[in-house]
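Per chain, numbering begins at 1; letters A, B, ... match sequence-line order.
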Amino acid sequence: MSYIALSDKDKKEMLERIGVASIEELYGCLPDELKLRRRLRVPEAKSEPELERSFDALAARNTYPRFLSFLGAGVYRHFIPATVDYLSARSEFVTPYTPYQPEVSQGTLQIIFEYQTLVCQLTGMDISNASLYDGAMAAAEGVLMAQRLNSRNKVLVARSLHPQYRETIKTYTRNLGLVIEEVGFGDCGGLKSAELEAKLGPDVCGIIVQSPNFFGVVEDVAKVVDIAHRHQALAIVAVAEAVSLGILESPGRFGADIVCGEAQSFGLAPGFGGPFLGFMACKKEHLRQLPGRLTGQTKDVDGRRGFVLTLSTREQHIRREKATSNICTNQAWCALRATIFLETLGHDGLREMAVQNLQKAAYAAETLAKVKGVRLKFSGRFFNEFVLELPKNAQAVLDALKAKGLLGGLALERYYPELRQDVLLNVTEAHPKDDIDKLAVALREVLR
Amino acid sequence: MSYIALSDKDKKEMLERIGVASIEELYGCLPDELKLRRRLRVPEAKSEPELERSFDALAARNTYPRFLSFLGAGVYRHFIPATVDYLSARSEFVTPYTPYQPEVSQGTLQIIFEYQTLVCQLTGMDISNASLYDGAMAAAEGVLMAQRLNSRNKVLVARSLHPQYRETIKTYTRNLGLVIEEVGFGDCGGLKSAELEAKLGPDVCGIIVQSPNFFGVVEDVAKVVDIAHRHQALAIVAVAEAVSLGILESPGRFGADIVCGEAQSFGLAPGFGGPFLGFMACKKEHLRQLPGRLTGQTKDVDGRRGFVLTLSTREQHIRREKATSNICTNQAWCALRATIFLETLGHDGLREMAVQNLQKAAYAAETLAKVKGVRLKFSGRFFNEFVLELPKNAQAVLDALKAKGLLGGLALERYYPELRQDVLLNVTEAHPKDDIDKLAVALREVLR
Amino acid sequence: MIREPLIFEISDKGKRAFALPKLDVPEKKDLLAGLAVRSEIRDFPQASEVEIVRHFTRLSQQNYCVDLGFYPLGSCTMKYNPKINEKVAVHPGFIQSHPLAPEDLVQGNLEVLKLVEDALSEIAGMDAFTLQPSAGAQGELTGMMVIRACLEDRGDPRKFVLIPDSAHGTNPSSAHLCGYTVQEVRSNENGTVDLEDLAKRMTGDVAALMVTNPNTLGVFEYDIKKIADIVHAKGGFLYMDGANMNALTGICRPGDMGVDVIHINLHKTFSTPHGGGGPGSGPVGVKKVLEPYLPVPRVVRKGSGFGLEFDRPKSIGRVHSFYGNFLVIVKALAYIQTLGPDGLKEIAEIAVLNANYIRRSLDKDYHLKYTTPTLHECVFSDKFQKDAHGVTNLDIAKRLIDYGVHPPTMSFPLIVHGALMIEPTETESRRDLDFFIEAMTKIAQEAKDDPAVLKAAPHHSYVRRLDETAAARNPVLKWENPGS
Amino acid sequence: MIREPLIFEISDKGKRAFALPKLDVPEKKDLLAGLAVRSEIRDFPQASEVEIVRHFTRLSQQNYCVDLGFYPLGSCTMKYNPKINEKVAVHPGFIQSHPLAPEDLVQGNLEVLKLVEDALSEIAGMDAFTLQPSAGAQGELTGMMVIRACLEDRGDPRKFVLIPDSAHGTNPSSAHLCGYTVQEVRSNENGTVDLEDLAKRMTGDVAALMVTNPNTLGVFEYDIKKIADIVHAKGGFLYMDGANMNALTGICRPGDMGVDVIHINLHKTFSTPHGGGGPGSGPVGVKKVLEPYLPVPRVVRKGSGFGLEFDRPKSIGRVHSFYGNFLVIVKALAYIQTLGPDGLKEIAEIAVLNANYIRRSLDKDYHLKYTTPTLHECVFSDKFQKDAHGVTNLDIAKRLIDYGVHPPTMSFPLIVHGALMIEPTETESRRDLDFFIEAMTKIAQEAKDDPAVLKAAPHHSYVRRLDETAAARNPVLKWENPGS
Ligand SMILES: Cc1ncc(COP(=O)(O)O)c(C=O)c1O
Ligand SMILES: Cc1ncc(COP(=O)(O)O)c(C=O)c1O
């Protein structure tokens with residue numbers, strides 16, 4: 001099958017109209033010696049039933065879903081209402097491209113406009129773009145944007161920022177002369193504000209801090225913003241667990257300059273890491289430096305409201321090497337899903353989800369910390385993730401739990417060598433109390 | 001959740017406009033003593049996550065899909081192309097009703113028109129209706145239609161007609177003074193034509209015969225039609241395995257008067273027995289007695305082609321007790337799926353599917369008949385089902401196979417007490433050779 | 001605009017949308033030797049996948065539907081169809097299971113059937129339900145057969161069935177198919193059953209009265225208990241067409257009114273989608289005395305699980321293969337479980353609120369033949385418009401299409417000439433209700449100002465008014481290859 | 001017609017579309033004591049499920065899409081997106097798995113990655129692929145970073161990157177983001193790279209040439225080998241933007257042309273749907289010498305299965321969390337496996353046939369600046385129409401909307417003034433191709449007969465021409481509550 005829609009007769013007649021004898025002839029403009037004189041060495045074509053069978057088999061080799069998992073660390077399992085899958089599967093959403101022609105793309109455009117509004121409401125910011133690739137890339141773009149805004153060349157990065165975000169920032173900035181310096185975390189699990197204060201100077205363009213941070217701990221964003229601003233540096237707040245915005249005060253409220261992050265929690269499955277949904281919002285005055293597409297409201301010639309892609313003079317197709325970012329294709333369909341998700345949950349639903357995450361994680365932390373030898377690593381308040389310190393090497397304990405069908409979280413040693421005995425666990429509304437209790441029982445057995 | 005779209009304010013304002021103080025007041029037209037003064041005793045409302053969990057649990061109590069099954073007997077597992085699920089799930093197909101208003105229903109109407117055409121092409125008949133409930137009811141309607149056509153009051157029913165079709169015919173005709181007489185089957189598994197000839201008389205309105213019949217055997221339809229017509233009786237041909245029409249000559253070609261049956265094979269899952277798709281087609285001259293809805297082609301005021309429900313003077317909403325049938329809501333969405341299925345497969349795909357069914361069933365029959373003590377019960381040519389005679393009680397053997405994870409077909413004794421040691425097996429394109437071989441091995445073990 | 005042709009008109013050799021794996025058993029020749037095999041299926045289409053997908057996607061957009069807007073088709077209860085119900089019903093455990101599977105392998109399915117039967121029994125106040133009928137009409141037939149079987153058992157099936165003149169066409173048709181002669185009962189000036197006429201006609205030869213409650217005007221039969229008494233006194237049965245149960249769930253129960261048999265439409269009251277005209281499901285509930293006559297098989301508790309009982313000598317038999325439209329029933333269960341006791345009551349309450357809101361908002365502009373209070377629907381007529389401007393209900397309906405709303409049911413019930421039967425259901429938003437009311441109000445004005453616009457409506461649809469007479473006079477019911 | 005408002009405009013208290021199960025752990029107070037907790041999310045919407053469903057269903061119908069018709073957006077390869085790919089990609093085994101799961105529990109996923117990497121390597125003739133980049137632009141950045149890392153390793157990252165003036169905007173932007181200064185290379189009269197200009201600019205300070213092949217005119221760079229030699233002779237790398245691979249699959253391989261780095265768009269050549277503007281996937285392939293610099297982690301064979309390798313000291317690091325847009329990659333695998341070697345070749349062949357059919361059918365009516373033979377797309381301009389009638393490519397594009405087809409890409413490549421860039425792809429039917437050709441022909445005629453109609457187009461769309469200037473001058477980028 002190659003999804004060709006021409007009949008034999010069509011092909012014949014079309015070649016005739018073109019005036020060539022064969023398709024081969026149309027490739028006359030290629031040097032002969034470049035032509036591949038053999039068949040591609042890829043597996044032979046599969047019929048649809050064969051394909052389904054082989055993908056069933058592939059998927060079945062992923063035994064992960066059979067385990068009771070407490071993995072989070074930037075990727076969360078939240079309930080997804082049926083409306084999200086149903087509506088987002090419509091051809092009209094799946095098969096168009098970027099709404100370059102607004103008159104035949106009002107669906108996509110209005111939805112992006114709603115998405116931008118929702119992001120602003122949640123983050124407390126003035127302006128949101130239409131999406132970025134993922135939280136890691138959004139963090140990197142946030143740093144680059146800050147640098148463009150004040151032309152200073154050092155950026156401070158909280159060590160409690162998601163390790164993959166830090167890695168991505170490093171990659172994105174490595175050729176641009178930016179210096180990255182990390183700011184450590186204290187016993188509460190949050191950023192050491194004294195260290196931040198100490199490291200800030202006239203060369204620092206900004207600080208990027210995540211809240212709730214990688215350890216689940218809610219940072220004192222107000223304080224970070226305050227310190228940064230006192231040094232004319234920008235405060236970039238990253239959010240990796242977007243559901244937290246349902247209950248935590250918005251970063252915008254504290255004066256954050258740029259808010260970026262990952263909205264996978266809003267209607268996207270873990271999907272082995274993607275596609276996810278990077279988001280970015282900023283203050284009005286920084287609009288011209290915001291990367292990514294923007295949808296704006298306008299009127300048509302009859303005076304009717306309509307939406308268009310706008311301010312594209314920031315973008316690569318107009319500004320080429322001077323663009324704010326090289327991004328072109330973004331994650332529009334993921335933003336659509338987030339929009340359906342958020343509008344289905346509504347104000348009350350999102351709040352309730354946030355509250356349940358908070359409560360369940362607290363219950364889990366309390367229950368697990370009662371297991372002998374186990375303690376909560378950090379003293380800071382946390383949202384739906386927390387770090388447990390175990391009485392022995394974390395990976396060994398996790399392996400023992402795995403043998404019992406449980407994935408008890410992420411061993412932190414790989415990312416923080418000093419945290420050899422520590423595990424990061426996530427609990428959401430999708431974990432019934434029973435599951436939490438099961439983990440406690442298993443952990444007790446394993447540590448006995 | 002009760003899927004109400006009114007806000008508290010809406011309700012208040014609406015009551016005000018109506019001029020009542022409460023909804024209770026709107027129920028003032030009910031006698032008080034009829035009002036239920038307690039809550040309904042049904043389970044408390046479930047949230048969507050709870051509902052999903054409870055349905056997952058319910059569905060998981062169906063362990064059937066874990067078995068390798070050779071059950072057929074009127075319900076077949078065929079491959080369903082992805083287009084069928086994808087397209088038929090569109091809101092515009094799922095959520096409208098009968099196309100009473102053609103100007104806003106051309107989608108449904110054109111599709112029914114195509115469906116009617118496809119059924120005519122497959123059955124070789126002049127006219128098809130828009131669907132009936134299922135094969136059993138279609139068979140009953142076929143008999144009633146024949147009776148209306150020639151006003152004779154006896155109907156002959158092949159004993160090799162699907163038992164449930166026979167039961168349904170009995171139910172449908174029981175209050176209408178129709179006499180039913182059965183015609184047996186011979187060693188070939190097909191209708192005894194001598195018996196048919198003998199039972200035909202001036203009181204017989206028609207004979208209903210199924211081909212391939214309940215045992216999978218292809219009947220000599222030409223002969224049955226010929227005999228019936230010689231006695232001025234009508235020949236009704238039932239088809240329970242519609243895929244067979246991809247290779248077997250159409251009943252219309254043999255002169256059948258009415259063709260009715262079940263098109264579940266065309267894109268509908270076994271679904272524990274429904275919804276399925278009853279179909280019915282007839283000769284042009286019998287149009288006025290055809291039950292069910294019909295879509296016809298016409299023009300609009302601008303001369304453009306369009307489609308409408310037509311000839312509704314046959315139907316209950318116009319003719320009331322004199323209608324050709326009481327059917328109103330039919331199986332339109334199932335007919336839509338069949339249409340997508342058939343148009344996706346296309347001429348070549350349907351033929352190929354039919355050929356593979358034929359070949360695989362033949363291979364299975366040959367392979368299984370090699371097992372010691374097992375023989376093919378009937379000598380007649382068969383399509384994708386066949387009857388095996390086992391050396392002992394069929395149900396006992398099936399139970400033993402089941403213990404090995406196989407469902408080796410249907411024990412026929414319940415429907416044909418004389419067939420105590422006989423099993424009806426179905427093989428389709430969805431059974432890889434391995435599965436057939438597995439059954440042969442298991443059967444050998446069980447019979448050892 | 002692309003006008004989508006028939007698939008046959010774009011079919012051509014060499015296109016395809018489907019392939020099977022290669023045959024994996026040795027191919028045999030002559031398997032059908034001696035039989036007539038077709039070498040081709042004449043004119044059967046052959047197209048590519050992109051053409052198939054565009055064909056149906058384009059055609060889909062020529063359909064109006066509940067997910068696009070208000071669909072006030074009276075008597076049809078076009079409520080919103082929840083998406084979660086669609087999702088749970090396609091679980092492989094449900095859709096893959098074979099109806100002849102051993103009972104122990106399909107316990108989930110049997111439990112679904114039992115749960116729905118039990119819930120419907122409670123909601124309708126009946127003793128037992130069968131889920132076998134595929135739709136309302138088949139439910140009626142089943143219910144009437146059950147009555148007849150019982151009467152036969154008592155020695156005389158009787159001859160007549162009484163049906164009010166306001167009833168749906170399936171009622172008389174089903175009674176007829178059950179071997180009865182139909183007698184019409186007059187409606188009184190309230191639009192309800194004329195008790196006198198009923199009493200007169202209700203003789204020992206009458207098997208049953210088939211009543212719809214609330215009736216097709218949306219009016220509750222206030223005297224339903226008296227009606228039941230009249231029928232019962234003569235040894236007859238009271239059959240209730242439960243198409244309008246959406247007005248009553250959790251408010252009152254037919255079983256408590258003296259109803260002996262009822263059918264309910266899952267595709268109306270219980271939110272299963274209408275699918276462009278089915279599949280539906282028309283369960284039938286009965287009182288204890290009639291239970292032995294219900295179709296086979298019956299779902300029964302067996303040990304800690306469920307089983308099927310076939311051996312019921314008094315049963316009328318089967319009206320459908322297997323257990324009815326099972327996957328439709330699954331969706332209804334999801335709905336019932338989502339709503340719970342309070343939700344079930346709320347649907348009736350809000351359905352009645354919405355209908356009365358519309359009635360009150362339009363009763364200046366449109367004629368109400370019966371001013372009796374109504375519940376979940378209301379039936380206007382075109383009298384004002386027709387008398388003064390020659391504008392009919394058809395014109396009004398077609399003009400609504402221009403405004404982007406689906407027209408109400410037309411010309412039913414028969415006792416209201418030029419009827420416009422409006423059933424909003426409980427799931428409409430205020431905005432969509434008001435949009436409809438505004439359109440209707442504008443149309444009433446247009447009927448005065450510019451009746452020609454209405455008579456030529458619709459103006460903006462994919463096709464305009466279609467010649468239905470020509471369609472019936474010279475039926476073209478399938479595509480024929482012009483080249484052959 | 002109902003004009004769908006913003007969800008915020010229909011939001012109201014008391015409506016809801018969602019509920020969670022009751023909290024099943026003991027509720028604790030003050031869990032966030034001392035922290036700022038929000039009491040409400042101001043103006044956040046609150047609607048019912050039916051409103052949500054209608055909102056998105058109605059809005060969806062205001063989108064044009066591939067499943068509705070021809071979408072000749074040049075450079076975007078808007079081919080048909082097979083439905084089976086959507087189906088296999090939602091298997092719970094794929095969508096539920098966590099990217100940090102132990103490797104032995106996600107062997108299926110790792111195999112998917114490996115299979116796609118291997119297939120792309122073979123198709124493009126490269127030695128290794130990374131699937132981490134989310135889209136073409138991120139692929140470019142990744143590829144350029146890999147080049148830079150290698151050059152740095154050799155002691156000098158160099159300063160410049162050469163890019164033809166016909167290139168896509170992401171090319172210079174990506175090069176810039178990688179720390180390079182961009183120099184433009186002139187196109188010659190054939191629309192291809194001017195070898196002389198290239199030779200002149202290609203110095204020891206140039207890191208790479210970024211070339212698109214076939215280029216954005218659809219013209220194959222006949223001298224690509226010479227180009228490679230010029231670049232390599234100065235120690236630079238040849239980067240190929242593989243956005244136009246749809247012209248070449250199975251016909252020839254970039255790796256065989258001397259290309260050192262290529263990015264491929266799975267959302268173009270490999271049929272993954274465009275989703276209204278993503279998610280895409282932009283894998284990057286490299287020759288052996290560059291492999292050590294690819295992003296981490298790499299998928300590697302481990303024993304009989306697969307594993308992830310993180311310890312690659314020369315790697316540029318990560319450009320994306322985890323492994324890229326995994327579920328997009330799954331769909332591309334399904335596509336590659338469905339097509340097989342012959343199908344992959346056929347897509348290129350038919351894409352080229354279709355594009356040349358359109359070119360030949362329109363070359364009388366529209367101006368072709370470059371008459372060089374083209375492969376999978378062709379770029380007309382509005383010169384004929386503009387010079388004679390003042391009609392621009394924008395007018396033509398908007399008028400196509402009235403005919404029901406999506407306009408081509410406009411104003412790109414920059415070297416063709418008033419460009420109309422048409423890429424039909426291989427999946428179009430003759431009927432849809434002809435429909436487009438006919439519309440374009442009619443428009444050419446209309447430009448002569450009635451240019452005003454074109455300038456005011458579109459006439460029949462949901463909105464008409466929108467004021468883009470006002471949108472940019474006075475940006476309204478979100479809804480604000482008028483009541484606050
Ligand atoms: C009052 C009434 N009774 C019976 C029926 C018949 O139901 P069904 O169409 O499900 O057969 C209808 C259907 O519209 C109806 O409105
Ligand atoms: C030639 C060319 N290069 C690069 C890109 C950028 O790819 P993406 O949008 O996937 O980032 C495009 C996209 O349209 C393109 O056409």
What is the distance from atom NE2 of D:H55 to atom OG of C:S429, rounded to the nearest 0.5 Å?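 Taking NE2 in D:H55 and OG in C:S429, the distance rounds to 12.5 Å.
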
Of all the heavy-atom pairs spanning [X] and [Y], show the shortest one and how long it is.
| X | Y | value |
| --- | --- | --- |
| D:E49 | C:Y80 | OE2-OH, 2.6 Å |
| C:V50 | D:T427 | CG1-O, 3.0 Å |
| D:T57 | C:D67 | CB-O, 3.5 Å |
| C:K83 | D:V53 | CE-CG1, 3.9 Å |

More than 12 heavy atoms of other residues, nucleotides or ligands under 6.0 Å from NZ of C:K345: is that the case?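 No.
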
For chain C, find which of D:Q61, D:K79, D:H460, D:E428 contributes the most heavy-atom pairs closer than 4.5 angstrom.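 The residue among D:Q61, D:K79, D:H460, D:E428 with the greatest pair count is D:Q61.
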
Check each atom of [X] against the heavy atoms of chain D and say whether the ones under 4.5 Å are side chain, backbone, both or neither.
| X | value |
| --- | --- |
| C:D432 | side chain |
| C:V405 | neither |
| C:K15 | neither |

Using a cut-off of under 4.5 Å for heavy-atom pairs, which of C:S60, C:P82, C:G69, C:A439 has the most such pairs with chain D?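 Winner by heavy-atom pair count: C:G69.
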
Hey, is C:R430 close enough to D:E51 for a salt bridge, meaning N to O under 4.0 Å?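 D:E51 and C:R430: not salt-bridged.
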
Carboxylate-amine/guanidinium contact C:E9 D:R431, below 4.0 Å: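 Looking at D:R431 together with C:E9, the answer is no, because their closest N to O distance does not fall below 4.0 Å.
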
Does the side chain of D:R58 come within less than 4.5 Å of C:L68's, by heavy atoms?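 Yes, close enough: below the 4.5 Å cut-off.
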
